[in-house]
Amino acid sequence: MLTPKKLKHRKEFRGTLSNIAQRGYTLNFGRFGLKVEAGGWITARQIEAARRAATRYVKRGGEIWIRVFPSKPVTQKPPETGMGGGKGALDHFVAVVDPGRILMEMDGVSEEVAKEALRLASFKFPFKTRFIKKD
């Protein structure tokens, strides 16, 4: 799974989501892509599951680029723990995604294969996505 090599701060605030993606909203590497319709958090496990689903469908043909990286640490308190006692321990990492951001790109395969592979990958994400292609 994807995790950062180093962290400046071990624990972060939750933060707020902005309105629309300021960067990462155009296809830069491949001809086909998966674009986010709604913002939120994507865990490292979800990114890995989507990558595996798309890679298996194209039978390791073509090329896939992951455009998001889970760099935000999320903490979790143990179950059945009362209030107080400080912030919980580090649990997992998430990528903060704004609407319009491109999650994955693909090239080296036909449009039908790319569309089906990215459709299978989109089921792994917690929000609605859209298939896009370079004109």
Side-chain angles (χ1 to χ4, degrees):
M1 274 193 306
L2 297 169
T3 57
K5 289 190 178 97
K6 283 175 65 177
L7 286 175
K8 185 170 185 180
H9 301 291
R10 197 165 50 92
K11 296 176 181 178
E12 281 185 15
F13 291 148
R14 292 176 63 86
T16 57
L17 293 171
S18 65
N19 292 339
I20 196 158
Q22 302 295 316
R23 60 181 65 86
Y25 53 85
T26 57
L27 290 173
N28 290 339
F29 302 102
R31 291 188 304 145
F32 311 107
L34 198 61
K35 188 176 239 185
V36 176
E37 296 285 310
W41 286 358
I42 302 179
T43 66
R45 288 175 181 267
Q46 290 166 345
I47 295 170
E48 178 63 15
R51 185 196 64 79
R52 290 177 67 173
T55 305
R56 284 191 176 157
Y57 184 78
V58 297
K59 297 183 175 68
R60 296 193 309 276
E63 200 164 357
I64 296 174
W65 291 271
I66 308 293
R67 295 282 305 273
V68 292
F69 186 79
S71 57
K72 182 181 185 68
V74 176
T75 60
Q76 184 78 44
K77 292 191 75 153
E80 300 182 12
T81 305
M83 291 309 209
K87 196 171 172 114
L90 182 75
D91 188 48
H92 61 278
F93 290 92
V94 297
V96 180
V97 175
D98 295 326
R101 179 78 189 222
I102 298 207
L103 297 176
M104 302 174 76
E105 292 188 32
M106 187 177 282
D107 203 356
V109 292
S110 67
E111 183 177 345
E112 298 81 36
V113 172
K115 196 166 198 171
E116 180 62 20
L118 291 175
R119 186 185 72 84
L120 293 172
S122 72
F123 291 139
K124 310 300 180 189
F125 295 122
F127 32 67
K128 192 178 275 192
T129 57
R130 184 166 42 107
F131 176 80
I132 60 169
K133 61 183 178 180
K134 196 177 272 187
D135 294 332

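Along the sequence shown, residues are numbered consecutively beginning with 1.
Phe69 and Leu90 sit in two unconnected hydrophobic clusters of ILVMFWY residues. Membership requires side-chain heavy atoms under 4.5 Å apart, directly or through other members. Ile66 is connected to Val109 through a chain of hydrophobic side-chain contacts under 4.5 Å among Ile, Leu, Val, Met, Phe, Trp and Tyr, so both are in one cluster. In the hydrophobic clustering of this structure, Met104 groups with Val68; members are Ile, Leu, Val, Met, Phe, Trp, Tyr whose side-chain heavy atoms approach within less than 4.5 Å, directly or through other members.
The CZ atom of Phe29 lies 9.5 Å from the NZ atom of Lys134; values are rounded to the nearest 0.5 Å. If you take CZ on Arg56 and CZ on Arg51, they are separated by 9.0 Å, rounding to the nearest 0.5 Å. Taken to the nearest 0.5 Å, the CZ atom of Arg14 stands 4.0 Å off from the CH2 atom of Trp41.
Under the 4.5 Å side-chain criterion, counting only non-hydrogen atoms from C-beta, Phe32 is in contact with Glu111. Side-chain atoms of Leu34 and Phe125, non-hydrogen and from C-beta on, do get closer than 4.5 Å to each other.
A salt bridge does not link Arg45 with Glu48: none of the charged nitrogens is closer than 4.0 Å to a carboxylate oxygen.
Under the salt bridge (Lys or Arg N to Asp or Glu O under 4.0 Å) criterion, Arg31 pairs with Asp107, sequence neighbours left out.
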Would you be so kind as to tabulate the donor-acceptor pairs closer than 3.5 Å made by side chains of residues 4-13, with sequence neighbours excluded?
unit_1: Lys11; atom_1: NZ; unit_2: Lys87; atom_2: O; d: 3.4
unit_1: Lys11; atom_1: NZ; unit_2: Gly88; atom_2: O; d: 3.2
unit_1: Glu12; atom_1: OE1; unit_2: Lys72; atom_2: NZ; d: 3.4

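Checked by atom type and distance alone, the side chain of Lys77 pairs as donor or acceptor with a backbone atom of Gly84 at under 3.5 Å. Proximity of a side-chain donor or acceptor of Gln76 to a complementary backbone N or O of Asp91 within less than 3.5 Å is not detected. Not a single donor-acceptor pair under 3.5 Å links the side chain of Lys35 to the backbone N or O of Pro99.
In plain terms, the two heavy atoms of Arg23 and Arg101 that are nearest each other are O-CD, 3.6 Å.
Connectivity analysis of hydrophobic side chains (ILVMFWY, heavy atoms under 4.5 Å, direct or indirect) links Ile102 to Leu27, Ile132.
The local environment of CZ in Phe131 is crowded, with over 12 non-hydrogen atoms from other residues, nucleotides or ligands closer than 6.0 Å.
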